[in-house]
Amino acid sequence: MNHLDNNCIAIFGASGDLTRRKLIPALYHLYATKQLSASFSILGISRTEYSDTTYRTKIKESLIVSEKLEDSEQLNEFCSHIHYQPLDTADKANYAALKERLAALSEQYLTAGNIIYYLSTPPSLYGVIPECLAEHGLNQNDDGWKRLIVEKPFGYDKASAVALDEQLHRFFAEEQIYRIDHYLGKETVQNLLVFRFSNGLFEPLWNRNYIDHVEITSAESIGVEGRGGYYDGAGAMRDMFQNHLLQVLAMVAMEPPALINSNAIRNETVKVFQSLHPLDEKALEHDLVLGQYTASKVRGEPLLGYREETGVEAESSTETYVALKLSIDNWRWNGVPFYVRTGKRLPTRVTEVVIHFKKTPHPVFGQNTPDNKLVIRIQPDEGILMKFGLKKPGAGFESQEVSMDFRYDSLDGDEVLTAYERLLLDSIKGDPTLFARSDAVLACWDFVQPILDVAQSNPTRYGYACGTWGPKEADELLSRDGREWRFPCKNLTDTDYCEL
Ligand code: BG6
């Protein structure tokens, strides 16, 4: 049994999709693998009128389906920790009942007033709920600790991000706020840090002297999946780039932290964001490609174009694809381009970082000598692939490309935690290392805001058919520098794209 403080997890937005799909399954797995505290309660909160029993039944049924579980004693035992409180979240007076309920649960489960408030609600409530909690003293740490988990988006643009930050800080201290970026919860994203700084082999090469360029790809084969209403107001820049991809980039580019703790690590990531070379209108004319998917047939299945999706404006100029060339103004990275792309309805689901090393200074085996590449696969088929040249067997001295690979699924030992499991566990432990800090979020917006401004003033979007790798203009982003994107397959070691 571990030694976590007993606690209550109060989930606002308890009848929502995120709670059902991610939070409750993550809590169940932590419970089933005995990683939660000895005693805990879960309090679902939302406007819908459920009783404890009806809410529990709903949760249990959804767990049985989504996690493919049997109706077992363990499942019933887990569900017995779940309670429900109907609440008009925007009405301060309503929180008196919530306060009483939390106090009663604290007594029943011996949780000493330790509470995590999880805001799994529309962002419009991010300001309101903390204020209402504070009104009833529910933000105070004196009677057990209080933590607030906030889901992205952390603002819609720079101004609203600053406003949100001020609102949150009015009622909760920064140490109490846990901003979730689920990419930081991914084992393979955390591994970027360990891989770089636990090996003497790679770090000496990890700089402008040896690296030619870096590619970061996050491709999804899904479209907007019924979230058209939300997505049309966000787009790929806000939905993926401003948060997830910049966090991955920071892990690739940061300096070694002096210590492994939340401040030391986050101090280094924030420096990367602050060193991103600001992109002005002129640079963006060349270095930014925004695309939107159009209808097509993929593997025999007809797929809608973005503008035909439910909840999307018929004339929408929201981007479903972004490719951007950026650079980092510091000693380590000066002159090394980073090419970053993300999109929906691409041929496959894959997130990876590719480090392209410089060519040998004198190509004794001819111009066709392969480049050295390190492919760090975040998902799926998680692992690392190193590509290098070797003598082609036979006469002469020709070089050919070969690879060495490591796959996560070859590791024995503990099952890897999902992103939400890891992040929920860390928030219970009070470890904010893998959560976005206020200064980092604002520094990301500083970089992204001019891009959004340009995107707004120039609504040109390049079309790409569903199931293709995005607009051809994105290829030109690299080809004009004499480079090309890697087109990855869902299997790490299949070097040629092979799924269509
Ligand atoms: C979410 C975005 O934050 O991340 C989604 O809102 C996207 O649009 C998802 O599909 C991707 O996450 P993952 O873990 O599947 O790569």
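Whatever order the structure lists ligands and atoms in, that order sets their numbers, starting from 1.
With hydrogens and angles left out, the side-chain atoms of Thr348 and Ser221 include no donor and acceptor closer than 3.5 Å. Ser403 and Asp405 share no donor-acceptor pair across their side chains, judged by distance under 3.5 Å alone. A side-chain N or O of Glu151 and one of Tyr118 form a donor-acceptor pair less than 3.5 Å apart.
The closest non-hydrogen atom to atom 14 (O) of ligand 1, taken over Lys186, Lys344, Gln379, comes from Lys186.
Nearest protein neighbour of atom 15 (O) of ligand 1, counting heavy atoms only, is Arg349 NH2, 3.3 Å. If you check which protein heavy atom lies closest to atom 11 (C) of ligand 1, you get Glu220 OE2, 3.7 Å. When hydrogens are left out, the protein atom nearest atom 4 (O) of ligand 1 is His182 CE1, 3.3 Å; that is the closest non-hydrogen contact. In terms of protein heavy-atom proximity, atom 16 (O) of ligand 1 is nearest to Tyr183 OH, 2.5 Å.
A heavy-atom separation below 4.0 Å is found between Asp239 and ligand 1. Ligand 1 is never approached by Tyr231 to a heavy-atom distance shorter than 4.0 Å. In this structure, His244 has a heavy atom closer than 4.0 Å to ligand 1.
Those atoms of ligand 1 that come under 4.0 Å of a heavy atom in Arg227, given as number and element, are 2 (C), 5 (C), 6 (O), 8 (O). Those atoms of ligand 1 with a heavy atom of Lys152 less than 4.0 angstrom away are 1 (C), 2 (C), 3 (O), 6 (O).
Using bins of under 30°, 30° to 60° and over 60° for the plane-to-plane angle, the ring pair Tyr84/Tyr55 lands in the tilted bin. Between Phe12 and Tyr117, the ring planes are tilted. Angles from 30° to 60° get that label.
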TODO: Give the intermediate values and the outcome of salt bridge (charged side-chain N to carboxylate O under 4.0 Å, His left out) for residues Glu352 and Arg377.
DONE: CA-CA 4 Å; Glu352 67 175 29; Arg377 181 60 75 92; 3.0 Å; yes

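For the pair Lys186 and Tyr183, the cation-pi test (distance below 6.0 Å, angle within 45°) is passed.
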